[in-house]
Amino acid sequence: MNLLPMAKWFTCEKAMKIQITWLGHSAFLFDFDGYRVLTDPFLSDNPAALITESEVCPDVILLSHGHGDHVGDTIKIARRCHAEVISNTEICKWLSANGVEKTLPLYHSGTRQLPFGSMKAVNAVHGSALPDAGYGGVALGFVLTAKDGRKIYFAGDTGLFGDMALIGEEGIDAAILPVGDIYTMGPSESIRAVNLIKPGIVIPMHYNTWDRIAVDIQSWEKAVKEKTAVQPIVLQVGQPVLL
Ligand code: NI
Ligand code: MN
(Lines give C-alpha, C1' and ligand atoms only; values in the text may rest on other atoms or scores of the structure.)
(Ligands and ions follow the chains in the order given, each with its own letter.)
Protein backbone atom coordinates (compact mmCIF):
# COMPACT_ATOMS: atom_id res chain seq x y z
CA MET A 1 0.00 0.00 0.00
CA ASN A 2 1.30 3.40 -0.95
CA LEU A 3 0.74 5.99 1.76
CA LEU A 4 0.59 9.61 0.68
CA PRO A 5 2.72 12.09 2.60
CA MET A 6 0.80 13.40 5.64
CA ALA A 7 0.09 16.86 4.19
CA LYS A 8 -1.68 15.29 1.26
CA TRP A 9 -4.15 13.39 3.47
CA PHE A 10 -5.47 16.68 4.82
CA THR A 11 -6.13 18.43 1.56
CA CYS A 12 -9.82 18.96 0.90
CA GLU A 13 -9.31 19.19 -2.84
CA LYS A 14 -10.16 16.14 -4.92
CA ALA A 15 -7.39 14.79 -7.14
CA MET A 16 -6.92 16.72 -10.38
CA LYS A 17 -6.24 15.14 -13.74
CA ILE A 18 -2.66 16.18 -14.47
CA GLN A 19 -1.44 15.36 -17.97
CA ILE A 20 2.16 15.95 -19.06
CA THR A 21 3.17 16.12 -22.72
CA TRP A 22 6.77 16.62 -23.85
CA LEU A 23 6.95 18.80 -26.96
CA GLY A 24 10.74 18.41 -27.32
CA HIS A 25 13.81 20.00 -25.63
CA SER A 26 12.45 21.87 -22.56
CA ALA A 27 8.97 22.47 -23.92
CA PHE A 28 6.25 20.70 -21.93
CA LEU A 29 2.52 21.11 -21.86
CA PHE A 30 1.00 20.50 -18.43
CA ASP A 31 -2.77 20.15 -18.43
CA PHE A 32 -4.30 20.57 -14.95
CA ASP A 33 -7.99 19.66 -15.37
CA GLY A 34 -8.05 21.71 -18.58
CA TYR A 35 -5.82 24.61 -17.42
CA ARG A 36 -2.81 24.55 -19.70
CA VAL A 37 0.72 25.55 -18.70
CA LEU A 38 3.33 25.60 -21.47
CA THR A 39 7.03 25.71 -20.57
CA ASP A 40 9.92 27.12 -22.62
CA PRO A 41 8.07 26.97 -25.99
CA PHE A 42 10.93 26.42 -28.42
CA LEU A 43 9.08 24.78 -31.32
CA SER A 44 9.60 26.45 -34.75
CA ASP A 45 13.39 26.03 -34.90
CA ASN A 46 13.47 22.91 -32.73
CA PRO A 47 14.56 19.85 -34.75
CA ALA A 48 13.03 17.57 -32.07
CA ALA A 49 9.57 19.19 -32.11
CA LEU A 50 6.67 17.53 -33.92
CA ILE A 51 4.31 20.50 -33.81
CA THR A 52 4.63 24.17 -34.66
CA GLU A 53 3.86 27.16 -32.48
CA SER A 54 0.44 27.56 -34.15
CA GLU A 55 -0.73 24.21 -32.73
CA VAL A 56 -0.62 25.08 -29.03
CA CYS A 57 -2.78 27.51 -27.09
CA PRO A 58 -1.85 27.64 -23.41
CA ASP A 59 -3.41 29.70 -20.60
CA VAL A 60 0.02 30.53 -19.22
CA ILE A 61 3.59 30.25 -20.48
CA LEU A 62 6.42 29.56 -18.09
CA LEU A 63 9.78 30.86 -19.29
CA SER A 64 12.81 29.70 -17.30
CA HIS A 65 15.46 32.01 -18.81
CA GLY A 66 16.38 34.14 -21.79
CA HIS A 67 18.28 31.74 -24.06
CA GLY A 68 16.88 31.29 -27.57
CA ASP A 69 16.23 27.57 -27.13
CA HIS A 70 13.78 28.48 -24.33
CA VAL A 71 12.29 31.85 -25.37
CA GLY A 72 11.60 30.22 -28.74
CA ASP A 73 8.07 31.12 -29.88
CA THR A 74 6.99 32.74 -26.59
CA ILE A 75 6.09 36.12 -28.11
CA LYS A 76 4.07 34.67 -31.01
CA ILE A 77 2.15 32.22 -28.81
CA ALA A 78 1.49 34.72 -26.03
CA ARG A 79 0.17 37.30 -28.50
CA ARG A 80 -2.00 34.84 -30.41
CA CYS A 81 -3.47 33.12 -27.35
CA HIS A 82 -3.49 36.13 -24.99
CA ALA A 83 -1.56 33.90 -22.61
CA GLU A 84 0.14 35.29 -19.53
CA VAL A 85 3.89 34.76 -19.36
CA ILE A 86 5.62 34.02 -16.07
CA SER A 87 9.34 34.73 -16.02
CA ASN A 88 11.88 36.83 -14.16
CA THR A 89 11.46 40.63 -13.95
CA GLU A 90 13.95 41.51 -16.70
CA ILE A 91 12.49 39.02 -19.19
CA CYS A 92 8.93 40.19 -18.38
CA LYS A 93 9.96 43.80 -19.18
CA TRP A 94 11.53 42.63 -22.46
CA LEU A 95 8.39 40.66 -23.38
CA SER A 96 6.17 43.69 -22.63
CA ALA A 97 8.38 45.82 -24.89
CA ASN A 98 7.88 43.17 -27.59
CA GLY A 99 4.10 43.24 -27.53
CA VAL A 100 3.21 40.63 -24.89
CA GLU A 101 0.10 41.92 -23.08
CA LYS A 102 0.25 40.08 -19.79
CA THR A 103 3.35 39.16 -17.82
CA LEU A 104 3.71 37.95 -14.26
CA PRO A 105 7.22 38.57 -12.91
CA LEU A 106 8.57 36.10 -10.39
CA TYR A 107 11.92 35.70 -8.66
CA HIS A 108 13.42 33.17 -6.24
CA SER A 109 10.93 32.01 -3.60
CA GLY A 110 8.22 34.24 -5.09
CA THR A 111 4.88 32.45 -5.53
CA ARG A 112 1.92 33.18 -7.80
CA GLN A 113 -1.56 31.76 -7.23
CA LEU A 114 -3.09 30.53 -10.48
CA PRO A 115 -6.39 28.76 -11.27
CA PHE A 116 -4.74 25.29 -11.11
CA GLY A 117 -2.77 25.92 -7.91
CA SER A 118 0.45 27.87 -7.51
CA MET A 119 3.80 28.44 -9.13
CA LYS A 120 7.02 29.22 -7.25
CA ALA A 121 10.37 30.30 -8.66
CA VAL A 122 13.47 28.47 -7.45
CA ASN A 123 17.16 28.62 -8.18
CA ALA A 124 18.81 27.40 -11.38
CA VAL A 125 22.55 27.61 -11.95
CA HIS A 126 22.76 28.96 -15.50
CA GLY A 127 22.91 32.16 -17.63
CA SER A 128 19.97 34.09 -19.09
CA ALA A 129 21.03 36.50 -21.92
CA LEU A 130 18.13 37.25 -24.28
CA PRO A 131 18.17 36.41 -28.03
CA ASP A 132 18.94 40.09 -28.87
CA ALA A 133 21.82 39.93 -26.32
CA GLY A 134 19.82 42.00 -23.82
CA TYR A 135 20.19 41.36 -20.07
CA GLY A 136 17.82 38.55 -19.11
CA GLY A 137 18.25 38.57 -15.34
CA VAL A 138 19.08 35.18 -13.89
CA ALA A 139 17.83 31.72 -14.79
CA LEU A 140 15.03 30.13 -12.77
CA GLY A 141 13.47 26.76 -12.10
CA PHE A 142 9.82 26.41 -11.00
CA VAL A 143 7.79 24.33 -8.57
CA LEU A 144 4.19 23.90 -9.72
CA THR A 145 1.77 22.87 -6.97
CA ALA A 146 -1.64 21.62 -8.03
CA LYS A 147 -4.67 22.31 -5.85
CA ASP A 148 -4.67 18.65 -4.77
CA GLY A 149 -1.14 19.12 -3.36
CA ARG A 150 0.86 17.32 -6.03
CA LYS A 151 4.09 19.03 -7.03
CA ILE A 152 6.10 19.17 -10.22
CA TYR A 153 9.65 20.56 -10.17
CA PHE A 154 10.60 21.91 -13.60
CA ALA A 155 14.33 22.59 -13.24
CA GLY A 156 14.90 24.67 -16.40
CA ASP A 157 18.53 24.72 -17.54
CA THR A 158 20.75 24.13 -14.55
CA GLY A 159 23.89 22.55 -13.25
CA LEU A 160 23.84 20.46 -10.09
CA PHE A 161 23.50 22.41 -6.82
CA GLY A 162 23.19 21.22 -3.24
CA ASP A 163 20.05 23.25 -2.51
CA MET A 164 18.10 20.88 -4.74
CA ALA A 165 17.74 19.03 -1.42
CA LEU A 166 15.69 22.00 -0.12
CA ILE A 167 13.39 21.72 -3.12
CA GLY A 168 13.12 17.99 -2.43
CA GLU A 169 12.03 18.69 1.17
CA GLU A 170 8.76 19.99 -0.25
CA GLY A 171 7.83 16.49 -1.44
CA ILE A 172 8.16 16.52 -5.22
CA ASP A 173 5.96 14.09 -7.15
CA ALA A 174 7.63 14.63 -10.54
CA ALA A 175 11.04 16.20 -11.21
CA ILE A 176 11.81 17.26 -14.78
CA LEU A 177 15.56 17.56 -15.12
CA PRO A 178 17.97 18.46 -17.94
CA VAL A 179 20.35 15.58 -18.73
CA GLY A 180 22.04 16.62 -22.00
CA ASP A 181 25.37 17.89 -20.59
CA ILE A 182 27.46 20.77 -22.14
CA TYR A 183 24.97 23.51 -21.11
CA THR A 184 23.35 21.73 -18.14
CA MET A 185 23.77 18.67 -15.95
CA GLY A 186 24.74 15.56 -17.83
CA PRO A 187 23.47 12.06 -17.04
CA SER A 188 25.72 11.35 -14.05
CA GLU A 189 25.11 14.70 -12.33
CA SER A 190 21.38 14.39 -12.98
CA ILE A 191 21.45 11.14 -11.02
CA ARG A 192 23.13 12.95 -8.10
CA ALA A 193 20.32 15.54 -8.42
CA VAL A 194 17.68 12.79 -8.26
CA ASN A 195 19.22 11.58 -5.01
CA LEU A 196 19.04 15.12 -3.57
CA ILE A 197 15.45 15.79 -4.71
CA LYS A 198 14.01 12.28 -4.10
CA PRO A 199 10.94 12.81 -6.31
CA GLY A 200 8.28 10.19 -7.03
CA ILE A 201 9.30 10.08 -10.69
CA VAL A 202 12.00 11.76 -12.78
CA ILE A 203 11.53 12.85 -16.40
CA PRO A 204 14.59 13.79 -18.52
CA MET A 205 14.66 16.82 -20.86
CA HIS A 206 17.14 18.99 -22.80
CA TYR A 207 18.84 16.09 -24.61
CA ASN A 208 19.05 14.70 -28.19
CA THR A 209 17.79 17.98 -29.70
CA TRP A 210 21.17 18.28 -31.42
CA ASP A 211 24.17 15.94 -31.62
CA ARG A 212 26.10 17.97 -29.06
CA ILE A 213 23.60 17.11 -26.35
CA ALA A 214 23.11 13.50 -27.48
CA VAL A 215 22.47 11.07 -24.61
CA ASP A 216 21.95 7.31 -24.56
CA ILE A 217 18.70 7.66 -22.64
CA GLN A 218 18.29 3.89 -22.09
CA SER A 219 21.62 3.89 -20.20
CA TRP A 220 20.44 6.89 -18.17
CA GLU A 221 17.18 5.10 -17.37
CA LYS A 222 19.08 1.99 -16.25
CA ALA A 223 21.45 4.08 -14.10
CA VAL A 224 18.54 5.86 -12.38
CA LYS A 225 17.03 2.44 -11.51
CA GLU A 226 20.37 1.13 -10.21
CA LYS A 227 21.57 4.19 -8.30
CA THR A 228 18.38 5.76 -6.93
CA ALA A 229 15.04 4.67 -5.48
CA VAL A 230 13.22 6.85 -8.02
CA GLN A 231 11.27 5.73 -11.08
CA PRO A 232 12.55 7.21 -14.38
CA ILE A 233 9.91 8.03 -16.98
CA VAL A 234 11.34 8.61 -20.46
CA LEU A 235 8.72 10.44 -22.49
CA GLN A 236 8.31 10.26 -26.26
CA VAL A 237 7.76 13.65 -27.89
CA GLY A 238 4.04 14.23 -28.33
CA GLN A 239 2.89 11.30 -26.19
CA PRO A 240 0.90 12.50 -23.15
CA VAL A 241 1.19 10.76 -19.78
CA LEU A 242 -0.92 11.13 -16.65
CA LEU A 243 0.87 12.00 -13.41
NI1 NI B 1 20.05 27.92 -21.47
MN1 MN C 1 18.96 25.45 -23.03
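Everything numeric here is computed off the predicted structure, so don't read it as measured data. Both counts, for ligands and for their atoms, begin at 1 and track the order of listing.
A side-chain donor-acceptor contact under 3.5 Å links D157 and H206.
Environment of CZ in R192: sparse, with no more than 12 heavy atoms of neighbouring residues, nucleotides or ligands closer than 6.0 Å. Summarising the local packing, NZ of K76 is surrounded by 12 or fewer heavy atoms from other residues, nucleotides or ligands at distances under 6.0 Å.
When rounded to 10 degrees, the angle formed at the Ni ion (ligand 1) by NE2 (H126) and NE2 (H65) equals 100°.
The name of the N, O or S atom in D69 nearest to the Mn ion (ligand 2) is OD2. Looking at H67, its N, O or S atom nearest to the Ni ion (ligand 1) turns out to be ND1. For D157, the N/O/S atom at the shortest distance from the Ni ion (ligand 1) is named OD2. Distances from the Mn ion (ligand 2) to the N/O/S atoms of D157 are shortest for OD2.
Aromatic ring pairs are classed by plane angle as parallel below 30°, tilted from 30° to 60° and perpendicular above 60°; the pair F28 and F30 is parallel. Relative ring orientation between H65 and H70 is described as tilted, the plane-to-plane angle lying within the 30° to 60° band.
Among the atoms of H206, an N, O or S atom falls under 2.8 Å of the Mn ion (ligand 2). H70 lies close to the Mn ion (ligand 2), since one of its N, O or S atoms is found at a distance under 2.8 Å. Residue H70: no N/O/S atom is found under 2.8 Å from the Ni ion (ligand 1).
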Practice prompt. Could you give me the CA-CA distance, side-chain angles and deciding distance for Y207 and W22, then say whether ring-ring contact (aromatic ring centres under 6.0 Å, His included) is met?
Written response: CA-CA 12 Å; Y207 71 95; W22 189 32; 5.5 Å; yes
